[in-house]
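This is a predicted model, so every value here is computed, not measured.
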Amino acid sequence: MTSTDFSAAPPAHAARIRTFHPRRGRMSDRQRGALARLWPAYGLEIDDLDGPCDPAALFGRRAPLVLEIGSGMGDATAAMAAADPDRHYLAVEVHTPGIANLLELVERHGLGNVRVAKGDALDLVRAMPEGCLDAVHVFFPDPWPKARHHKRRIIQPAHVALLRSRLAPGGTLHCATDWAEYAEAMRETLAADPGLVDVHGGFAPRPEHRPVTKFERRALTAGREIFDLIHRRR
Ligand SMILES: C[S@@+](CC[C@H](N)C(=O)[O-])C[C@H]1O[C@@H](n2cnc3c(N)ncnc32)[C@H](O)[C@@H]1O
């Protein structure tokens with residue numbers, strides 16, 4: 001891995017970004033330090049977007065872009081970005097300590113191909129141009145198990161149509177969950193989208209390129225099955 005010069009001038013979008021003041025969650029000194037140092041150039045506050053989001057401007061150059069929705073502690077994002085330096089990784093998360101942890105990993109491993117957005121992923125996706133994404137990763141999204149809360153799920157028909165519209169033709173939507181009922185609902189929802197092709201014709205074998213995430217580790221410890229679904233935009 002090459003090291004990255006974090007003292008370089010922040011990209012143009014940084015002017016729109018306010019200084020980050022984490023209000024909740026416990027963070028180590030290393031995480032807090034990385035957040036303070038990297039946020040101005042590597043972070044995007046979604047609520048501050050006042051128009052379309054140009055993903056290339058976030059990175060200062062063009063490359064195929066992977067969006068990870070709900071990156072949690074960011075360990076999977078960092079591992080995938082390190083193994084895949086020719087693509088850009090944009091992680092979206094609402095949880096401040098998770099963002100700080102990812103930025104600490106970015107700093108420690110010199111990952112110049114990662115950026116982090118804070119806020120609601122769907123607001124960010126709506127602000128992105130159609131066809132701008134090479135891949136979308138939704139790894140272990142909140143399952144919202146109660147029926148009256150299903151409307152809060154990320155994977156539901158209208159959101160899938162939105163995500164698909166931002167994928168380039170041939171781009172992939174990769175979802176994983178340990179919640180069997182949500183897995184089945186995801187499978188049906190994704191299969192019903194006319195603009196997507198199911199790469200494996202149902203649940204996919206666990207792809208080696210997907211690192212074990214924090215929530216996956218918990219699920220495996222508890223003995224739960226993991227379900228992967230990989231679709232391609234037509
Ligand atoms: C169950 S955790 C999984 C985290 C990580 N992907 C993993 O596998 O360890 C779901 C994550 O999604 C985040 N999240 C939920 N809704 C979100 C949204 N609308 N936009 C961005 N992040 C969201 C939560 O804060 C949480 O960190």
Side-chain angles (χ1 to χ4, degrees), residues 44 46 53 55 58-59 63-95 98-99 101-103 105-106 111 113-126 128 131-143 153-156 159-179 182-183 185-187 189-190 193 195-200 203-220 226-233:
L44 170 70
I46 296 169
C53 171
L58 294 174
F59 292 85
L65 178 62
V66 180
L67 179 73
E68 183 174 345
I69 294 181
S71 48
M73 296 307 279
D75 36 9
T77 320
M80 291 187 91
D84 189 18
D86 293 335
R87 291 199 297 178
H88 288 155
Y89 281 73
L90 176 57
V92 198
E93 187 40 76
V94 292
H95 184 235
I99 289 173
N101 194 66
L102 175 54
L103 289 175
L105 293 169
V106 165
L111 300 174
N113 61 334
V114 176
R115 297 292 183 273
V116 189
K118 181 174 192 296
D120 186 340
L122 294 169
D123 287 343
L124 177 65
V125 174
R126 283 184 200 102
M128 293 178 132
C132 70
L133 297 172
D134 196 48
V136 176
H137 296 163
V138 188
F139 297 156
F140 303 91
D142 295 324
R153 287 176 166 175
I154 291 279
I155 299 302
Q156 53 178 287
H159 299 166
V160 168
L162 173 68
L163 296 174
R164 184 243 303 141
S165 72
R166 270 43 176 187
L167 281 170
T172 54
L173 172 57
H174 182 174
C175 304
T177 184
D178 58 314
W179 197 263
Y182 193 13
M186 279 184 186
R187 195 191 60 73
T189 301
L190 294 164
D193 189 297
L196 292 175
V197 178
D198 185 346
V199 175
H200 295 271
F203 296 115
R206 190 187 190 292
E208 278 184 22
H209 62 262
R210 182 171 64 69
V212 177
T213 73
K214 178 182 166 187
F215 274 78
E216 181 176 11
R217 211 169 295 121
R218 271 189 201 170
L220 292 170
I226 307 296
F227 303 89
D228 280 88
L229 287 158
I230 302 175
H231 286 70
R232 218 173 266 293
R233 182 178 174 178

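- With sequence neighbours excluded, no residue forms a side-chain contact (heavy atoms from CB on, under 4.5 Å) with Ala83.
- With sequence neighbours left out, Ala135 forms a side-chain contact (heavy atoms from CB on, under 4.5 Å) with Val66, Arg87, His137, Thr172.
- Closest approach of Phe59 and Tyr89 over heavy atoms only: CZ-O, 3.6 Å.
- Residues forming a ring-ring contact (aromatic ring centres under 6.0 Å, His included) with His231 (at least two apart in sequence, or on another chain): none.
- Between the OG1 atom of Thr177 and the CD1 atom of Ile226 there is a distance of 8.0 Å, given to the nearest 0.5 Å.
- Ala78 pairs by the side-chain contact (heavy atoms from CB on, under 4.5 Å) definition with Leu102, Leu105, Leu111, not counting sequence neighbours.
- The CG atom of Leu229 lies 10.0 Å from the OG1 atom of Thr189; values are rounded to the nearest 0.5 Å.
- Partners of Glu93 by side-chain hydrogen bond (donor to acceptor under 3.5 Å, both in side chains), not counting sequence neighbours: none found.
- Between Leu44 and Leu90 the shortest side-chain heavy-atom distance does not fall below 4.5 Å.
- Contact between Pro141 and Ala176 at its shortest, heavy atoms only, is CD-O, 3.3 Å.
- Using a 4.5 Å cut-off on side-chain heavy atoms (C-beta onward), Lys214 and Asp75 make contact.
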Step by step, would you call Leu122 with His159 a side-chain contact (heavy atoms from CB on, under 4.5 Å)?
CA-CA 8 Å; Leu122 294 169; His159 299 166; 3.4 Å; yes
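- Put simply, the side chain of Arg166 gets close to the backbone of Arg126: a donor and an acceptor are under 3.5 Å apart.
- Under the rule for a ring-ring contact (aromatic ring centres under 6.0 Å, His included), Tyr182 has no partner lying at least two apart in sequence or in another chain.
- With sequence neighbours left out, Asp198 forms a salt bridge (Lys or Arg N to Asp or Glu O under 4.0 Å) with no residue at all.
- In terms of the salt bridge (Lys or Arg N to Asp or Glu O under 4.0 Å) criterion, Asp142 has no residue partners (sequence neighbours excluded).
- Once rounded to the nearest 0.5 Å, the distance linking CG of Leu163 with CG of Leu133 reads 8.5 Å.
- Nearest heavy-atom pair across Pro211 and Met80 is CD-CG, 3.3 Å.
- In terms of heavy-atom proximity, Leu162 sits nearest to Ser165 at O-OG, 2.6 Å.
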Apply side-chain contact (heavy atoms from CB on, under 4.5 Å) to Val116 and Thr77, showing your working.
CA-CA 10 Å; Val116 189; Thr77 320; over 6 Å; no
With side-chain contact (heavy atoms from CB on, under 4.5 Å) as the test, would you mind laying out the steps for Cys53 and Leu58 before giving the verdict?
CA-CA 9 Å; Cys53 171; Leu58 294 174; 4.2 Å; yes
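- Scanning for side-chain contact (heavy atoms from CB on, under 4.5 Å) contacts around Arg206 gives Arg210, Val212, Glu216, Asp228, with sequence neighbours left out.
- Within the 3.5 Å criterion, the main-chain N or O of Leu65 finds no donor-acceptor partner in the side chain of His88.
- For Arg153, the salt bridge (Lys or Arg N to Asp or Glu O under 4.0 Å) partners are Glu181, not counting sequence neighbours.
- For the residue pair Ser71 and Glu68, the shortest heavy atom distance occurs at CA-OE2, 3.6 Å.
- Summarising the geometry, atom CD1 belonging to Ile230 is positioned 11.5 Å from atom CG belonging to Leu190; distances are rounded to the nearest 0.5 Å.
- Judged as a salt bridge (Lys or Arg N to Asp or Glu O under 4.0 Å), and not counting sequence neighbours, Arg218 has no contacts.
- One distance of note links CG of Leu124 with NZ of Lys118; it measures 13.5 Å at 0.5 Å rounding.
- In this structure, His174 and Pro207 approach most closely via the heavy-atom pair CE1-CG, 3.4 Å.
- Separating the OG1 atom in Thr213 from the CG atom in Asp178 is a distance of 8.5 Å, to the nearest 0.5 Å.
- Annotation: ring-ring contact (aromatic ring centres under 6.0 Å, His included) contacts of Phe203 (sequence neighbours excluded): Phe227.
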